[in-house]
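In listed order, ligands and their atoms are each counted from 1.
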Amino acid sequence: GFTAGKSLGCYQDEKTFRLLSGYYANLKTTNSPKHCINMCLQSGFPYAGVQYSTECFCGNEEPPSASRRPDSSCNMKCPTDPREACGGYFTINVYETGIAKFTPQVPREVAESGESPVRIAFLLTLNGRALRQVRRLIKVLFHRDHFFYIHVDARQDYLYRELLVLERSLPNVRLARHRYATIWGGASLLQMLLSSMNELLELDWEWDFVINLSESDFPVKTNNQLVDFLTANKGRNFVKSHGREVQRFIQKQGLDKTFVECDTHMWRTGDRHLPWGIQLDGGSDWVALSRPFVVYVATAVQDALVQKDPLVEGLNTVFKHTLLPAESFFHTALRNSHFCDTYVDNNLRVTNWKRRLGCKCQYKHVVDWCGCSPNDFKSEDWPRLEGTENRQLFFARKFEPSINQGIIDQVEEWLYGPYPSTTANLQSYWQSVYHYADLSPPPDDSLVTLATSLTRISTKSFVLKGGNGCLIHPGNVLEVTSYHNNDNYKGTLVLYEAVLNGGTETVSFETRVMPQHYMTILKDTGPGGRLKSLLVSSDYDQKEQLSRNFLRNLGPFSEPILVYQLGANPQPSTYNVTFLWVDPAGQLVEVSEVHMEDGQVTNYVKPLLREPLLPGVWTVKMVYEAAVVAFSQFLVTPLQFVSGANVSQQQAGFLHSGPGQPYPIHDATDWNKLLDNTVDRSALQRKALVNARRFGLDLKDWIDSLNLKFYKVLNTCVTSSSVHAVSKCGKLHLELCENTTWSSLAPDPKSQIGLINLTTGRL
Ligand code: UDX
């Protein structure tokens, strides 16, 4: 269905012949065999942008394969009566005569004098909860002449709600209302980009370029440098090509597979033939596109009435079923259309690829494919960023302040100079973990249970310290925030409401807690002597090699993982280690065998545990050469809430009784010998049965008594709006949250967005 393309002048004319593609079709004709081949030759096969020649073969087999080429005289079994149909198949082989040596444009260095500076639409495609980093990104890019169009993943209520307020004060900021659940690598990513670009065209914003950025991008050149560069290159399109052999790229990307996005998953449904007559190209999905090209690819994407270019329409269909579609769509549309001579093979970004860490098949729960992700830049990666200085690179990815904020500070200072020395809390970073107003993603019941318990523990502690008879009843948890300082996790903050003296007035407090790490080394032989940490958490990130669950809250439905860290060894060794998982009833429930490789200083073990996990204190023992060399304890909290509501007695019985099935453990007797034999297991089992019946106040007491052991309350503050009411109640000697250095309400100027400076146009 492709129309003949004229030669577009994008290819060098070399006298080389190369087989581009084969094609076969079932042909029925009432004419003679000779007519078959004539039809074949006449139908031709236009190959857009490429000089081609065709060669035809006919035969009775399907398809006439290259290895068993059918007779080129088209020897088909045709009936002698010319009125009857002559059946057969034919192949057209399309040869390139001017070989597709594509030569991208070289960008210009300097704009001609008098050219008006370009205006940029930054298309921010966001996911997660790193609100303060997004604000910092907007701040660093902001100029009133530029535009910010923000798409937040449809499942992220928090980011959407918190950014929506920017529309009120900044006329050049707009959030997409039509939102997609843009899963990693999903077809919806391209649909979202095209829909957002289309909306950008419909706004009365006069932009010249659109640049897509994520929450983990940051500039490595100033805005002025970017504007100067793009002004010199108006009308060009910046994309990064893979730079390898096309067929290998196609296979690596899964472009020859059909994917179907459904239920926030990319299902691989089978192999497919790619469209004929198209030169596939791709690489990175981070691009900088000119307005005319955006008009060409994105105008009225959803409008069935608008006449679209057949190439764009065809690509839209193919890419609806393509993994990582934005990594190829724009490149391919550029190369095969009349925009081919605007193609620049540079997407203006530097990406921190560390494939040994980033290609661990970490998205297989979302896509039926093994994809890769770049790593976060850390302070030690500075030389790489500094090296972009004299190159046409304007952005870098990825940055995550919860992993390393120091490098972001360094880049920003490099570009715009240091912040004034009086700037408060420059080294701090806060990231939301929970907000009471979020419906999506649904709150984690174990987190809300833990946070609520911590409000009870904290309130008790400061009321006891105050000792003045002021009765405080903790109420709802408003927010949970992770607090980091100087690139170290410094605790989790729980902002909560409380009622004073049984009244109706609510006040709010924030409390900072730190999870306690229980690790005991029994023997310093082998890995025991090198062990730096042995802890159980969840959400292990294989790429960044840490658990993202900083608070380490685990509930009956969590998937615990064990993270171990060994100190570097001058004499490298490998160890065969076994981990024994013992539940709160003293039962051995899982045995994990691990081969500790040399050089792997941090690693993790994922046990196969049945749900619901038995709540209480668990132990994991590290066995080396038939002896326990270390152990660690962790807490699986019982649940106070299920889907946000208090659990009933019946629910508690189900949730807190463990999986109710025996664990089949190989060689259990041998392993059991290594467990603590002074423990009365039947007493522990009876206790677990009693615990499973606890509900209401009794359940809360149980939860609090467990959390008291595993969490330490460090500080509590009172919010400024509550201080008056609290002072009437009695002297509690609490700090004002806004005056602390740690509270989520403490000043954070680097991420604060104020009004536009009328002189500079910036924030
Ligand atoms: C890498 C490559 O850099 C990228 O080019 C490719 O598309 C995916 O792999 P990676 O770090 O793995 O990127 O992905 P990430 O930056 O987390 O996500 C890519 C984009 O999708 C971001 O804009 C992100 O906000 C968005 N996204 C991701 C969602 O909107 N929802 C999700 O659930 C995941």
Side-chain angles (χ1 to χ4, degrees), residues 122-131 133-134 137-138 148-160 163 175-176 178-197 210-218 238-242 249 252-255 259 261 263-266 282-288 319 322-331 347-355 357-367 369-377 393 395-403 440-441 539 541-544 548:
F122 293 103
L123 169 51
L124 306 186
T125 64
L126 308 178
N127 180 40
R129 305 184 78 92
L131 172 69
Q133 178 59 19
V134 171
L137 174 65
I138 293 176
F148 294 82
Y149 193 81
I150 303 175
H151 177 274
V152 180
D153 187 311
R155 298 161 296 173
Q156 298 293 348
D157 286 358
Y158 174 75
L159 214 48
Y160 180 74
L163 290 171
L175 268 72
H178 191 91
R179 290 162 63 203
Y180 297 77
T182 33
I183 57 168
W184 188 92
S188 50
L189 263 170
L190 177 63
Q191 280 158 24
M192 172 273 286
L193 286 174
L194 292 174
S195 147
S196 298
M197 287 177 188
V210 64
I211 298 181
N212 61 337
L213 295 170
S214 80
E215 65 283 351
S216 53
D217 292 280
F218 208 72
F238 297 86
V239 294
K240 182 79 202 143
S241 185
H242 53 87
F249 171 72
K252 193 197 95 261
Q253 291 284 113
L255 288 172
F259 284 84
E261 185 171 342
D263 277 347
T264 58
H265 189 97
M266 278 293 268
S284 168
D285 54 0
W286 304 103
V287 294
F319 280 86
T322 301
L323 180 76
L324 291 161
E327 293 191 356
S328 304
F329 175 83
F330 298 108
H331 306 63
N347 68 345
L348 316 180
R349 338 268 168 135
V350 60
T351 308
N352 193 22
W353 285 110
K354 293 188 177 171
R355 291 183 199 267
L357 295 168
C359 296
K360 291 203 185 266
C361 240
Q362 60 267 46
Y363 299 104
K364 57 177 184 283
H365 59 293
V366 183
V367 298
W369 198 252
C370 284
C372 302
S373 285
N375 267 76
D376 291 334
F377 279 105
L393 297 170
F395 298 93
R397 76 190 311 262
K398 303 176 66 166
F399 294 94
E400 266 193 289
S402 59
I403 303 294
S440 176
D539 304 331
D541 182 333
Q542 294 186 61
K543 176 169 74 73
E544 303 302 334
R548 291 192 177 260

Is the shortest N/O to N/O distance between [X] and ligand 1 below 3.5 Å?
{"X": "Ser284", "answer": "no"}
{"X": "Glu327", "answer": "yes"}
{"X": "Thr351", "answer": "no"}
{"X": "Asp153", "answer": "yes"}

Heavy atom to atom 13 (O) of ligand 1, shortest distance: which of Gln362, Lys398, Arg397, Glu400 holds it?
Arg397

Looking at [atom], what's its closest protein heavy atom, distance included?
{"atom": "atom 19 (C) of ligand 1", "answer": "Trp286 CZ2, 4.0 Å"}
{"atom": "atom 27 (N) of ligand 1", "answer": "Thr182 O, 3.5 Å"}
{"atom": "atom 14 (O) of ligand 1", "answer": "Trp184 NE1, 3.4 Å"}
{"atom": "atom 5 (O) of ligand 1", "answer": "Asp285 OD1, 2.3 Å"}
{"atom": "atom 1 (C) of ligand 1", "answer": "Pro374 CD, 3.6 Å"}
{"atom": "atom 34 (C) of ligand 1", "answer": "Asn127 ND2, 3.4 Å"}

Using a heavy-atom cut-off of under 4.0 Å, does the side chain or the backbone of [X] touch ligand 1, or both, or neither?
{"X": "Tyr180", "result": "neither"}
{"X": "Val366", "result": "neither"}
{"X": "Cys372", "result": "backbone"}

Judged by non-hydrogen atoms, does His151 sit under 4.0 Å from ligand 1?
no

Gln156 touching ligand 1 at heavy-atom level, < 4.0 angstrom
no

Per-atom contacts of ligand 1 with [X], taking only distances under 4.0 Å to non-hydrogen atoms:
{"X": "Glu215", "answer": "24 (C), 25 (O)"}
{"X": "Ser373", "answer": "10 (P), 11 (O), 12 (O)"}
{"X": "Arg155", "answer": "31 (N), 32 (C), 33 (O)"}
{"X": "Ser214", "answer": "22 (C), 23 (O)"}
{"X": "Tyr363", "answer": "12 (O)"}
{"X": "Leu126", "answer": "25 (O), 30 (O)"}
{"X": "Leu189", "answer": "21 (O)"}

Give the minimum heavy-atom separation between [X] and [Y], together with the two atoms involved.
{"X": "Glu261", "Y": "Ala187", "answer": "OE1-N, 2.7 Å"}
{"X": "Met266", "Y": "Gly186", "answer": "CG-CA, 3.7 Å"}
{"X": "Phe319", "Y": "Phe329", "answer": "CE2-N, 3.6 Å"}

Mind checking the [atom1]-[atom2] spacing from [X] to [Y]? Nearest 0.5 Å is all I need.
{"X": "Trp286", "Y": "Leu348", "atom1": "CH2", "atom2": "CG", "answer": "13.5 Å"}
{"X": "Ser216", "Y": "Leu137", "atom1": "OG", "atom2": "CG", "answer": "9.5 Å"}
{"X": "Leu124", "Y": "Tyr149", "atom1": "CG", "atom2": "OH", "answer": "11.5 Å"}

Would you check if the side chain of Asp285 reaches a backbone N or O of Leu324 as a donor-acceptor pair within less than 3.5 Å?
no

When you measure from the side chain of His151 to the backbone N and O of Arg179, does any donor-acceptor pair fall under 3.5 Å?
no

Ignoring hydrogens and angles, state whether a donor on the side chain of Gln156 or Asn127 is under 3.5 Å from an acceptor on the partner side chain.
yes

Classify the side-chain pair Ser214/Arg397 by whether it contains a donor and acceptor separated by less than 3.5 Å.
yes

Between Cys370 and Cys359, is the SG gap short of 2.5 Å?
no

side-chain contact (heavy atoms from CB on, under 4.5 Å) with Thr125: which of Leu193, Ile150, Thr182?
Leu193

Below 4.5 Å, heavy atoms only, C-beta onward: do Arg548 and Ser402 meet side chain to side chain?
yes

Hey, does Phe395 have a side-chain heavy atom less than 4.5 Å from the side chain of Ile211?
yes

